[in-house]
Number of protein chains: 4
Amino acid sequence: MSEPFSVRHRVQFYETDQMGIVHHSNYLRIFEEARVAWAHSKGLIDYQKPESAAHFAVLETRVCHKGPSFFGDELKTEIQAKGQGIRIIFQYRLSRGENIVALGETSHAALNTELKPVRPTPDMVEALRSESWTETWL
Amino acid sequence: MSEPFSVRHRVQFYETDQMGIVHHSNYLRIFEEARVAWAHSKGLIDYQKPESAAHFAVLETRVCHKGPSFFGDELKTEIQAKGQGIRIIFQYRLSRGENIVALGETSHAALNTELKPVRPTPDMVEALRSESWTETWL
Amino acid sequence: MSEPFSVRHRVQFYETDQMGIVHHSNYLRIFEEARVAWAHSKGLIDYQKPESAAHFAVLETRVCHKGPSFFGDELKTEIQAKGQGIRIIFQYRLSRGENIVALGETSHAALNTELKPVRPTPDMVEALRSESWTETWL
Amino acid sequence: MSEPFSVRHRVQFYETDQMGIVHHSNYLRIFEEARVAWAHSKGLIDYQKPESAAHFAVLETRVCHKGPSFFGDELKTEIQAKGQGIRIIFQYRLSRGENIVALGETSHAALNTELKPVRPTPDMVEALRSESWTETWL
């Protein structure tokens with residue numbers, strides 16, 4: 001079985017708060033980095049056309065915090081994706097070394113030019129078809 | 001029955017993204033504003049002692065997006081709280097005028113000086129006792 | 001002589017960093033809040049039309065930090081504005097109680113629909129004409 | 001003459017605003033990334049000891065914007081540093097491909113345990129001694 005897609009993120013000073021840890025809202029941003037990198041790797045986002053990323057809505061987000069992360073940490077985000085009707089579901093496993101920092105799930109829908117949710121485009125459906133999915137992450 | 005505690009938030013330009021709407025990660029920040037204002041109203045946070053806010057962990061967050069919000073919007077966040085064993089649960093209802101923008105839930109635990117989760121302090125328990133809770137928000 | 005235009009900002013937990021103070025990048029955001037509120041008070045930005053704020057470029061920013069600010073602080077930002085050729089110059093004086101936290105200056109230009117800098121619009125020129133300016137802020 | 005120290009930054013979706021460009025406050029964050037990476041490369045910051053980064057004050061920041069940057073851009077930040085009395089001065093040149101996006105300067109001071117500015121530590125002085133400096137960046 002293949003390794004899940006993953007990205008690395010170096011924790012920046014500006015991502016910490018006065019507890020000395022990464023502020024919890026930043027995990028949604030780190031998940032977005034992973035989601036964008038995944039979509040780019042599938043040819044679904046073109047960095048030369050910034051608007052190619054702008055036609056997706058976030059429907060729901062969920063983050064379970066398992067432990068803190070700190071300035072200077074190199075975090076690894078593993079990501080998996082699947083289609084579910086009109087929705088596209090992503091799950092995330094964020095770790096520092098051997099330790100799980102957070103588990104997350106976000107769901108999304110493609111939007112048409114009037115910003116109404118529509119079915120995933122054929123290239124998105126095709127990209128999701130080749131993804132493996134493990135039910136036990138969350 | 002009394003009105004839930006609520007705060008107002010004017011959407012700033014820096015909170016928008018290239019879709020022209022508030023970036024989804026900012027809703028966790030707006031929820032934090034409401035949670036802090038609630039805790040301050042109960043005497044649980046002292047703005048003169050910034051460290052009084054630093055001994056709480058975020059265990060879990062969940063946001064359901066119902067519609068977008070925009071630069072210049074005056075958002076209203078209603079908040080309710082309850083104790084659940086060691087956890088403190090907050091729920092949020094965010095609206096612009098008549099429209100629900102997002103519903104959310106976060107759970108937290110007090111931390112001792114070694115940053116280990118501990119039972120809520122007596123003044124927190126007392127504050128939660130006087131709160132009303134409506135099961136149907138989410 | 002009239003008081004300068006000013007706005008208040010309650011420092012949020014998410015604006016702090018692991019030094020226990022407001023992260024320096026956030027002062028540009030607090031200045032933007034003041035600038036937007038000033039423009040709204042002059043009728044130059046319409047909160048019902050978010051795009052009315054989107055046709056201004058930031059050309060230059062400068063912040064002199066005089067002291068830290070902390071979670072829970074109520075900051076006051078005084079702002080003044082003047083025209084200078086094609087540029088619009090804003091200066092900011094940020095304080096907590098009697099203490100100056102930061103002084104700042106930003107310069108801007110109006111953009112046309114191709115995002116090229118153009119002369120301030122007549123209503124902007126009119127708004128600036130009625131402003132007083134004190135040379136000694138920075 | 002050696003190349004200046006530089007770092008790369010991929011522009012994230014959450015760094016854009018409703019003008020479709022990187023929000024200007026984020027350039028101070030990108031400069032911080034470069035400054036931290038520089039300090040780490042000199043052995044002045046230890047990522048295993050997050051507190052090693054927490055004893056520096058920002059005294060002044062200045063950013064000159066030369067052009068916009070966009071979601072997906074790979075930005076390059078070149079950085080140079082010098083001592084100036086008690087101050088440490090950094091300059092930044094941010095570019096996308098051949099185009100300069102921004103030029104910046106920040107000045108800093110080391111802090112003692114009471115958060116008072118003090119002279120740079122000997123290892124900082126030593127690190128600065130070996131740096132080259134080009135007067136013509138700004």
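Side chains are part of it too, since the values below use all heavy atoms of this structure and drop only hydrogens, waters and symmetry mates.
For the pair B:Arg29/C:Phe13, no side-chain contact is recorded, criterion being any heavy-atom separation below 4.5 Å from C-beta on. Here the side chains of C:Phe70 and B:Tyr47 are not in contact, with every heavy-atom distance at 4.5 Å or above.
Within 6.0 Å of CZ in B:Arg62 there are 12 or fewer heavy atoms belonging to other residues, nucleotides or ligands.
Using a 4.5 Å cut-off between non-hydrogen atoms, the part of residues 30-46 of chain C that approaches chain B consists of C:Glu32, C:Glu33, C:Val36, C:Ile45.
If you tally non-hydrogen atom pairs under 4.5 Å between each of B:Gln48, B:Glu15, B:Arg10, B:Glu74 and chain C, the highest count goes to B:Arg10.
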